[in-house]
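In what follows, chains are A, B, ... by sequence order, proteins preceding strands, each numbered from 1.
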Amino acid sequence: MTQFRGDTLPAAPLIMAASSLNPGFFTRPADLVARELIGCSLLFHGVGGVIVETEAYDEQDPASHSARGPTARNRSMFGAPGHAYLYRSYGLHWCFNIVCGVRPGAAVLVRALQPVFEIAAMRQRRGDGRDAKLCAGPGRLCAALGLDGAFDGYDLSQPPFALLPSTGSQHVLTGPRIGISRAVDVPWRFGLAGSPCLSRPFGRSGRLPQVSASP
DNA sequence: GTATCGATGATCT
DNA sequence: GATCATCGATACC
């Protein structure tokens with residue numbers, strides 16, 4: 001049994017009924033969706049928590065996998081909004097995206113969760129470490145939830161997935177995306193202010209988001 | 001606390 | 001052949 005080291009996670013949100021995000025939620029600009037996913041909850045087979053960090057990518061974005069059109073890997077990005085796009089990173093890790101956007105080829109990378117549901121299952125998959133870091137990063141998140149490429153293209157409104165609305169307004173910061181070499185100044189990383197579950201802190205450049213206008 | 005580096009393999013030029 | 005939407009270990013401050 002993994003030792004609990006005394007790190008204190010924020011209070012768990014009160015999830016009311018089994019409500020789900022409206023399908024129209026996803027058919028909007030990726031940066032707006034990424035901003036509003038902060039505070040929503042993601043579950044896979046009942047394991048998961050509150051989304052605290054996201055990044056937006058779209059078809060006009062040189063940093064996006066979709067920038068040069070559909071390929072075998074990014075096929076799901078050009079499919080239905082509200083579905084999963086899962087890809088392998090550095091030959092080692094899986095990364096989980098939510099397809100969205102007003103045109104094909106956009107998605108939101110879910111980078112971190114605040115663990116809430118079935119934390120013991122996440123500890124078992126990820127081994128020792130602070131609970132706040134169980135899902136602090138896209139590769140860690142997929143490892144903790146047991147997500148992999150077998151679920152690429154799945155409808156996130158159906159089991160084994162669940163995507164639940166936020167229970168209130170959130171204080172969201174934004175800044176440059178992590179680990180990219182193109183469009184490095186586009187501030188399309190979003191995070192819950194003050195969360196100990198972020199993959200990395202938002203620096204001095206952390207700002208309130210300037211979300212794009214409607215198309 | 002930050003900096004650097006190796007793992008590891010699909011994808012794309 | 002180069003490039004990765006990463007992570008964990010290690011070294012050092």
Side-chain angles (χ1 to χ4, degrees), chain A residues 2-3 5 7 26 29-35 37-38 42 51-79 81 83-101 104-113 115 122-153 156 173-191 194 196-206 209:
Chain A
T2 304
Q3 286 288 34
R5 298 176 194 239
D7 49 331
F26 303 104
D31 58 324
L32 183 61
V33 175
R35 157 69 182 80
L37 279 170
I38 302 298
L42 170 68
I51 297 172
V52 297
E53 184 181 341
T54 59
E55 286 178 358
Y57 293 86
D58 78 15
E59 75 285 353
Q60 299 191 327
D61 172 8
S64 174
H65 290 172
S66 61
R68 286 172 296 283
T71 65
R73 175 178 66 164
N74 67 20
R75 167 174 46 87
S76 293
M77 283 187 87
F78 293 87
H83 288 230
Y85 166 46
L86 277 145
Y87 70 92
R88 208 203 272 277
S89 176
Y90 290 87
L92 286 167
H93 311 290
W94 291 100
C95 294
F96 171 77
N97 296 251
I98 299 173
V99 178
C100 64
V108 172
L109 172 66
V110 182
R111 290 191 55 89
L113 303 180
M122 301 190 221
R123 289 192 194 118
Q124 192 161 18
R125 293 195 181 101
R126 291 257 308 125
D128 286 331
R130 300 192 305 133
D131 282 3
K133 297 301 179 189
L134 283 171
C135 302
R140 292 166 176 165
L141 185 160
C142 285
L145 269 56
L147 272 171
D148 63 30
F151 298 92
D152 182 45
L156 301 178
L173 298 176
T174 189
R177 295 170 292 184
I178 292 175
I180 56 171
S181 60
R182 317 218 253 174
V184 293
D185 293 325
V186 176
W188 277 6
R189 177 182 177 226
F190 302 88
C197 304
L198 299 173
S199 67
R200 286 172 41 178
F202 284 75
R204 281 180 69 252
S205 58

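If you take CZ of A:Arg130 and C1' of C:dG8, they are 15 Å apart, rounded to a whole angstrom. The nearest whole Å value for the distance from the CZ atom in A:Arg200 to the C1' atom in B:dT2 is 11 Å. At whole-Å resolution of the value, CG in A:Leu141 and P in C:dA5 are 17 Å apart. The separation between A:His65 atom NE2 and C:dT3 atom C1' is 11 Å, rounded to whole Å. In this structure, the CH2 atom of A:Trp94 is 14 Å from the C1' atom of C:dT6, given to the nearest Å. Taking atom NZ of residue A:Lys133 and atom P of nucleotide B:dG1, one finds them 9 Å apart after rounding to whole Å. In this entry the distance linking CD1 of A:Ile178 with P of B:dT2 reads 13 Å, nearest Å. Atom CZ of A:Arg126 and atom P of C:dT6 are 15 Å apart (whole Å).
A close approach under 4.0 Å does occur between a side-chain nitrogen or oxygen of A:Arg111 and OP1 or OP2 of C:dT6. The phosphate of C:dT6 has neither OP1 nor OP2 within less than 4.0 Å of any side-chain N or O from A:Ser199. The phosphate of C:dG8 has OP1 or OP2 within less than 4.0 Å of a side-chain N or O from A:Arg140. Contact annotation: A:Arg177 side-chain N/O to C:dT6 OP1/OP2 distance is not under 4.0 Å. Of the side-chain N and O atoms in A:Arg88, none sit less than 4.0 angstrom from OP1 or OP2 of B:dT8. Checking the phosphate oxygens (OP1, OP2) of C:dC7, no side-chain nitrogen or oxygen of A:His93 falls inside 4.0 Å. Between A:Ser181 and the phosphate of C:dC4, there is a side-chain N or O to OP1/OP2 separation shorter than 4.0 Å.
Of the possible polar contacts, none joining the A:Glu55 side chain to the A:Arg111 backbone as a donor-acceptor pair under 3.5 Å is found. No donor-acceptor pair closer than 3.5 Å links the side chain of A:Ser76 to the backbone N or O of A:Asp152. A:Arg125 contributes a side-chain N or O that, together with a main-chain N or O of A:Ala144, makes up a donor-acceptor pair within less than 3.5 Å. Side-chain atoms of A:Lys133 come within 3.5 Å of backbone N or O of A:Leu198 as a donor-acceptor pair. A:Arg126 places a side-chain N or O within 3.5 Å of a backbone atom of A:Leu134 that can act as its donor or acceptor partner. Not a single donor-acceptor pair under 3.5 Å links the side chain of A:Ser89 to the backbone N or O of A:Trp94.
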Report summary line: Intra- and inter-strand pairing of DNA chain B, written as dot-bracket with Watson-Crick and G-U pairs under 3.5 Å and | for the latter, reads |||||||.||||.

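Taking CG from A:Leu109 and CZ from A:Phe190, the interatomic distance works out to 12.5 Å, rounded to the nearest 0.5 Å.
Among the heavy atoms of the strands lying under 4.0 Å from A:Ala63 is at least one base atom, whether or not backbone atoms are also near. Base contact: A:Leu92 has a heavy atom under 4.0 Å from a base atom.
A donor N or O paired with an acceptor N or O is not found under 3.5 Å between the base of B:dA10 and the side-chain atoms of A:Tyr87.
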Query raised in the report: For A:Ser66 and A:Asn74, what are the C-alpha separation, side-chain angles and deciding distance, and is it a side-chain hydrogen bond (donor to acceptor under 3.5 Å, both in side chains)?
Result: CA-CA 6 Å; A:Ser66 61; A:Asn74 67 20; over 6 Å; no

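With centroids closer than 5.5 Å and planes inclined by less than 30 degrees as the test, A:Tyr57 and the base of C:dA5 pass as a stacked pair.
DNA chain C is contacted by both A:Gly139 and A:Arg182; A:Arg182 maps to the nucleotide lying nearer its 5′ end (nearest heavy atom per residue).
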